[in-house]
Amino acid sequence: MFKELNSSINGDSSEKLRSLAISSLEEEDDDNDNDDEYDVDDYDDDDDEEEEVPVALGFVEKPKNRWSLLRQLFPSKAGGVPAWLDPINLPSGRSCVCDFCREPLQFLLQVYAPLSEKESTFHRTLFVFMCSSMGCLLQDQHEQWKRHPEKPSRSVKVFRCQLPRSNSFYSSEAPINDGTDKPSGTGAALCSWCGTWKGDKLCSGCRRARYCSEKHQAIHWRSSHKVDCRQSSISPQASDSSSINNFAETQQVASNTLWAQYEIINEDECEFDTEVSDDNGYANSLVSRSGSRMDETVKSLMDSFEGDGDRKSWASFQERIAKAPQQVLRYGRAKPLWPMSSGRPSKADIPKCSYCGGPCGFEFQILPQLLYYFGVKNDVDSLDWATIAVYTCEASCEVTMAYKEEFAWVQLASQSTTALS
């Protein structure tokens, strides 16, 4: 199961660091070998089997310390800026932007999920980015129903990065986790506006501010940099390198549109089996995220269901979620907990790994409750989803590319208006 080092590692014991490794797909396949586990026809009658699969639930909370989410502590986190595992060889080009509006993607969350059976996956983190436009997400739906296009267009992108224990970025010993841990060297200069993507473009005025795109450079200029740039030209401050180093450590950015930053902590779902939630309204907020509109939103969702299959899936979904209604993430390598039967992918809808050609399997899913913590409004055109299921290479293959793009399947509240035949 995924773990964050800053809450479960103390001292310099390498064995404690290694104990965070999650079980492999191959190990679980021995106990749950079902070639048709993603076939639509098999979903409705296998709830009992799914109960037997261990699931880790992710919850968000404000970081306890200002250094808790730095990359050298291998955090699981949501919102803010990513704590890149490989801080140098970041995704670039088309990988960084929404394929519909061409805007740079926004960081959603990352999950630290090492695998124990391979030295190359001693450190392993999965990063999820998405466009904040609901319009782009709707277009994304049309694309994901196209069976493996040569150049898929997506507004939700997932990247996998992994490192062996001995690497050039971090100590081979476990972090002390007291604020004194430092990475080995600095990372790439990041965009001064979003703090997310590599800042390849340099401000021609101050020669210090960096940007991932002309769009972010223009926004920053209008927002504040027009004044700051002139002042820095009059009163030069620190050198370029020291500014970059300081930025990499503090992760301060100019943008005020990033989602709020949280630490992701996890608990085993089985720990909630004997606990009954009395706050049914809060459980329903996984869809509505607004108490005043809860009944209206849930009724609208029920009306959009296409038959008894949707209603059965929704009842099963609600029963599981109600055990811990604050969960924002479910990590379990069998299959997702689908809110609806319509809009589920078949096994053929999940592409093969684009690097090794091997199969991809489900790893974790993101629940819409995360949007509540991000403060996303409950308007008609606001960003929303039923669930986002992340599929990764079952072999967690090794290629020269530092960040390997994986696959996300997005299920919206009503699939009937988005799925293409």
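Note that these values count all heavy atoms, side chains included, but never hydrogens, waters or copies made by symmetry.
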Can you tell me which residue among His216, His220, Gln217 is in a side chain to side chain donor-acceptor pair (under 3.5 Å) with Tyr211? His220
Among Tyr170, Phe74, Phe129, Phe107, which residue satisfies the ring-ring contact (aromatic ring centres under 6.0 Å, His included) criterion with Trp84? Phe129
Distance-minimising heavy-atom pair for Arg210 and Leu202: CG-CD1, 3.6 Å
Any donor-acceptor N or O pair under 3.5 Å, side chains Gln162, Ser396: yes
Going by an N to O cut-off under 4.0 Å, is there a salt bridge joining Arg330 and Glu269? yes
Atom OG of Ser92 and atom CG of Asp200: how far apart are they, to the nearest 0.5 Å? 7.5 Å
Residue set satisfying side chain to side chain contact (heavy atoms under 4.5 Å, CB included) with Arg222, at least two apart, ordered chain then number -> Ala218, Ile219
Say whether, by atom type as modelled, one donor and one acceptor occur between the side chain of Trp314 and the main chain of Gly309 under 3.5 angstrom. no
Donor-acceptor pair, distance only, cut-off 3.5 Å: does the side chain of Lys198 make one with the backbone of Ile88? yes
Looking at the rings of Tyr355 and Tyr403, which for Trp means the six-membered one, are their centres under 6.0 Å apart? no
Output yes when a side-chain donor or acceptor of Lys157 lies under 3.5 Å from a complementary backbone atom of Val97, and no otherwise. yes
Would you tell me whether Gln411 and Thr387 have side-chain atoms, one donor and one acceptor, within less than 3.5 Å of each other? no
Are the side chain of Asp181 and the backbone of Ile176 linked by a donor-acceptor contact shorter than 3.5 Å? yes
With a 3.5 Å distance limit and no angle check, can you tell me whether Gln318 reaches the backbone of Ala315 through a side-chain donor-acceptor pair? no
Do NZ/NE/NH1/NH2 and the carboxylate oxygens of Glu263 and Lys77 come within less than 4.0 Å? no
Report yes or no: does Asp268 contribute a side-chain atom to a donor-acceptor pair with the main-chain N or O of Cys270 at less than 3.5 Å? no
Of all heavy-atom pairs linking Tyr112 and His123, the shortest is OH-ND1, 2.8 Å
Any sub-3.5 Å donor-acceptor pair from Arg165's side-chain atoms to Ser172's backbone N or O? yes
Output yes when a side-chain donor or acceptor of Gln261 lies under 3.5 Å from a complementary backbone atom of Lys62, and no otherwise. no
Is Lys323 salt-bridged to Asp273, going by a charged N under 4.0 Å from an acidic O? yes
May I ask you to check whether Phe159 and Phe127 place their ring centers less than 6.0 Å from one another? no
With Glu319, which residues qualify under side chain to side chain contact (heavy atoms under 4.5 Å, CB included), at least two apart? none
Nearest-0.5 Å distance, CH2 of residue Trp193 to CG of residue Leu258: 8.5 Å
Should we count NZ of Lys201 as having more than 12 external heavy atoms under 6.0 Å? yes
When you measure from the side chain of Asp99 to the backbone of Arg154, do you find a donor-acceptor pair of N or O atoms at a distance under 3.5 Å? yes
Quick one: side chain to side chain donor-acceptor pair (under 3.5 Å) partners of Tyr262, sequence neighbours excluded? none
How about Glu363 and Thr392: does a side-chain donor come under 3.5 Å of a side-chain acceptor? yes
Pairing residues for Cys101 by the side chain to side chain contact (heavy atoms under 4.5 Å, CB included) criterion, not counting sequence neighbours: Cys98, Glu103, Cys131, Cys136
Donor-acceptor side-chain pairing of Asp310 and Ser313 below 3.5 angstrom: no
Just jot down the side chain to side chain donor-acceptor pair (under 3.5 Å) partners of Gln110, sequence neighbours excluded, or say none. none
Once side chain to side chain contact (heavy atoms under 4.5 Å, CB included) is applied, do any residues pair with Ser184, and if so which ones, sequence neighbours excluded? none
For the pair Trp259 and Phe374, name the ring-plane relationship: parallel under 30°, tilted 30 to 60°, perpendicular over 60°. parallel
Does Thr196 reach the main-chain N or O of Val81 with its side chain, forming a donor-acceptor pair under 3.5 Å? no
